[in-house]
Amino acid sequence: MLVLGIETSCDETALSLVEDGQKVLAVQVASSLKQHQRYGGVVPEIASRAHVELFTYECEALLLAAGVDPSAIDRIAVTQGPGLPGSLMVGVTAAKALALAWEKPIVGVNHLQAHLYAALMEGPSGSLEVPMIGLVISGGHTALVRMRGLREIRLMGQTRDDAVGEAFDKAAKLLGLSFPGGPEIERRAAGGNPKAFQFTIPKIKSGSPYDFSFSGIKTAVLHKVRAHDLELSPEFTADLSASFQASVVEELVMKSVAACRAHRVGRLIVGGGVIANGFLRERLRSVCADLRIQVAIPSLGLCTDNGAMVAGLGFHLNPTDPGELTVVPDLRVELN
Ligand code: KG4
Ligand code: ZN
């Protein structure tokens, strides 16, 4: 079955054609990132306008690249949430228009579940039903879930304040680095000493032991920057980036493996833009190997927002009545 996946929840206008939930025939990703950079974060109005301007071109380019005629498409899958309302609206409206014009079934996809599915897309098919712990780490969300199959998802913990990607972006901003900050911090950290600064992430005292909190470490970065009243040198930036990255990565790795061990689950899957971080990928693989936990991480192209994960997950879901498909900007990870 050939599925067209459409993803417009934030600043990427991303489309992809995927066969049977796994075989990626073509991808197309355009981003309005450059237009947001001078503001230090995504401006919703600019993002939705860019989706409108880019969509038709991106869709035509995708079909051309894959050498696919619309008649060969079996289904259209589109992100319905969570995300920026205006941006989601453009994708969902475009998907409905195409479904109507081409007479195709349509299916709404949960963006966070699609990030998790990205970790499974490249593995053996048929491996979806085993119990798993899932970690979603993106610019807007941080959550740990227990799952069996794609329909049975239970929330174990989530961030109480900033999402982990947001923490990277804010720390980068304090260091004068450009948006999005995750890749910038990773680049600087490569030349820094992770032990140069001590950052402690406080233990969560009430609620779920699998909840996260990243606002404290962001404030600690602010204090270090303020205390350093000289101009920020490349060495200082590198050391601070390395120390920040090491603390955040340790928190993510330790909570995820603790969840696996507490629930006797031997499989961990991770999705979302932050899993593009090479230091995190390496640390997770090494800790999981030691503990005999099988870990699935998407290849780099499937980490940040993309249409392939949406098409991939859309293959497994049931189509809906186009009239009932709406955007759900605050859709939760465990809901379908
Ligand atoms: O999943 P994503 O593309 O969009 C959302 O759904 O939010 O994630 C974007 C986030 C941004 O906060 C970005 O800074 C972060 O992922 N990110 C990274 C890296 N690449 C992207 N964070 C740390 N290290 C990276 N290499
Ligand atoms: Zn995302």
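Positions are given from 1 along the sequence. From a predicted model like this one, the values you see are computed outputs, not experimental measurements.
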### Task
Over all heavy atoms of both residues, which pair between Val265 and Ile133 is shortest? Give the atoms and the distance, please.
CG1-N, 3.7 Å

### Query
Can you check whether Asp239's main-chain N or O pairs, donor with acceptor, with Asn193's side chain at less than 3.5 Å?
no

### Task
Check whether any side-chain heavy atom of Leu88 lies under 4.5 Å from a side-chain heavy atom of Val90, and answer yes or no.
no

### Message
Taking atom CE as the centre, does Met89 end up with more than 12 heavy-atom neighbours from other residues, nucleotides or ligands that are less than 6.0 angstrom away?
### Response
no

### Query
Under 3.5 Å, side chain of Gln22 to main-chain N/O of Gly123, donor-acceptor pair present?
yes

### Query
Should Val257 and Ile201 be counted in the same cluster of Ile, Leu, Val, Met, Phe, Trp and Tyr side chains packed under 4.5 Å apart?
yes

### Task
Kindly determine whether Asn110 and Gln80 satisfy side chain to side chain donor-acceptor pair (under 3.5 Å), including the steps that lead there.
CA-CA 6 Å; Asn110 180 321; Gln80 62 179 139; over 6 Å; no

### Message
Quick one: does any side-chain atom of Lys104 pair with a main-chain N or O of Pro70 as donor and acceptor, under 3.5 Å?
### Response
yes

### Query
Would Val107 and Val24 show up in the same hydrophobic cluster when neighbours are defined by side-chain heavy atoms closer than 4.5 Å?
yes

### Query
Checking side chain to side chain contact (heavy atoms under 4.5 Å, CB included) for the pair Asp74/Met1: CA distance, chi angles, key distance, verdict?
CA-CA 6 Å; Asp74 297 296; Met1 180 193 284; 3.5 Å; yes

### Task
Apply ring-ring contact (aromatic ring centres under 6.0 Å, His included) to His51 and list each qualifying residue two or more places apart in sequence or on a separate chain.
none

### Message
Check this for me: Arg261, atom CZ, are more than 12 non-hydrogen atoms of other residues, nucleotides or ligands nearer than 6.0 Å?
### Response
no

### Query
For the rings on Phe197 and Phe236, is their centre-to-centre separation under 6.0 Å?
yes

### Query
What's the shortest heavy-atom distance between Gly181 and Asp169, and which atoms?
N-OD1, 2.8 Å

### Message
Within a 6.0 Å radius of atom CZ on Arg49, are there more than 12 heavy atoms belonging to other residues, nucleotides or ligands?
### Response
no

### Query
Is the backbone N or O of Gly81 less than 3.5 Å from a side-chain atom of Thr79, with the two atoms forming a donor-acceptor pair by type?
no

### Task
Kindly give the heavy-atom pair with the smallest separation between Pro298 and Ile275, and that separation in Å.
CD-CG2, 4.0 Å

### Task
Check Ser87 against Ala47 and note the closest heavy-atom contact, atom names and distance.
OG-CB, 3.6 Å

### Task
State whether a side-chain donor-acceptor pair under 3.5 Å links Glu235 with Thr237.
no

### Query
Is there a donor-acceptor contact under 3.5 Å linking the side chains of Gln28 and Ser16?
no

### Message
side chain to side chain contact (heavy atoms under 4.5 Å, CB included) for His111 and Met309? Distances and angles first, verdict last.
### Response
CA-CA 9 Å; His111 179 80; Met309 65 184 191; 3.7 Å; yes

### Query
Is there a donor-acceptor contact under 3.5 Å from the side chain of Tyr117 to the main chain of Gly21?
yes

### Message
I'd like to know if the side chain of His36 pairs up with that of Ser32 as donor and acceptor (distance under 3.5 Å, no hydrogens or angles considered).
### Response
yes

### Worked verdict on Asp162 versus Lys218 for salt bridge (Lys or Arg N to Asp or Glu O under 4.0 Å)
CA-CA 9 Å; Asp162 294 342; Lys218 173 193 66 190; 3.0 Å; yes

### Task
Test Leu284 against every option in Leu268, Ile293, Leu252 by the side chain to side chain contact (heavy atoms under 4.5 Å, CB included) rule and name the one that passes.
Leu268

### Message
Applying side chain to side chain donor-acceptor pair (under 3.5 Å) to Gln37 and Ser178, what does each step give before you reach the verdict?
### Response
CA-CA 7 Å; Gln37 261 166 342; Ser178 59; 4.5 Å; no

#### Entry: Distance in Å, Lys170 NZ paired with Leu175 CG, rounded so as to fall on 0.5 Å steps
14.5 Å

### Query
Could you walk me through whether Glu324 and Ile106 pass the side chain to side chain contact (heavy atoms under 4.5 Å, CB included) check?
CA-CA 10 Å; Glu324 312 235 305; Ile106 191 167; over 6 Å; no

### Query
Does CD belonging to Glu282 count more than 12 external heavy atoms closer than 6.0 Å?
no

### Query
Counting distance only, does the side-chain N/O of Ser9 pair as donor-acceptor with the main-chain N or O of Gly83 below 3.5 Å?
no

### Query
Will you find, in the side chains of Glu58 and Thr13, an N or O donor that is under 3.5 Å from an N or O acceptor?
no

### Query
Just by distance, do the side chain of Asp69 and the backbone of Ala72 share a donor-acceptor pair under 3.5 Å?
no

### Task
Measure up the Phe214 and Phe212 rings against each other and bin them: parallel (under 30°), tilted (30 to 60°), perpendicular (over 60°).
parallel

#### Entry: Partner residues of Ala276 under the side chain to side chain contact (heavy atoms under 4.5 Å, CB included) criterion, sequence neighbours left out
Leu300, Cys303

### Query
Take atom CZ in Arg332; do more than 12 heavy atoms of anything else shown fall under 6.0 Å from it?
no

### Message
Assess the residue pair Leu135 and Ile137 against the criterion (side chain to side chain contact (heavy atoms under 4.5 Å, CB included)); give the C-alpha distance rounded to whole Å, side-chain angles, the decisive distance to 0.1 Å, and a yes or no.
### Response
CA-CA 6 Å; Leu135 174 69; Ile137 38 176; 4.0 Å; yes

### Query
With a 4.5 Å limit on heavy-atom distance, are the side chains of Glu166 and Asp161 in contact?
no

### Query
Is the shortest heavy-atom distance from the side chain of Leu17 to the side chain of Leu62 under 4.5 Å?
yes

### Task
Taking all heavy atoms of Lys96 and all of Leu325, pick out the closest pair and write down the distance.
NZ-O, 2.8 Å

### Message
Is it the case that the side chain of Asp305 and the backbone of Glu12 share a donor-acceptor pair, with hydrogens and angles ignored and the cut-off at 3.5 Å?
### Response
no

#### Entry: Smallest separation among heavy atoms of Ser247 and Phe199, with atom names
OG-CB, 3.4 Å

### Summary
Ser208 meets the side chain to side chain contact (heavy atoms under 4.5 Å, CB included) criterion, sequence neighbours left out, with Tyr210, Asp211

### Query
Would you say the side-chain atoms of Gln113 pair up with the backbone N or O of Val333, donor to acceptor, closer than 3.5 Å?
yes

### Task
Would you check if the side chain of Arg75 reaches a backbone N or O of Gly314 as a donor-acceptor pair within less than 3.5 Å?
yes

### Message
Can you confirm if the aromatic rings of Phe179 and Tyr39 lie within a centre distance of less than 6.0 Å?
### Response
no

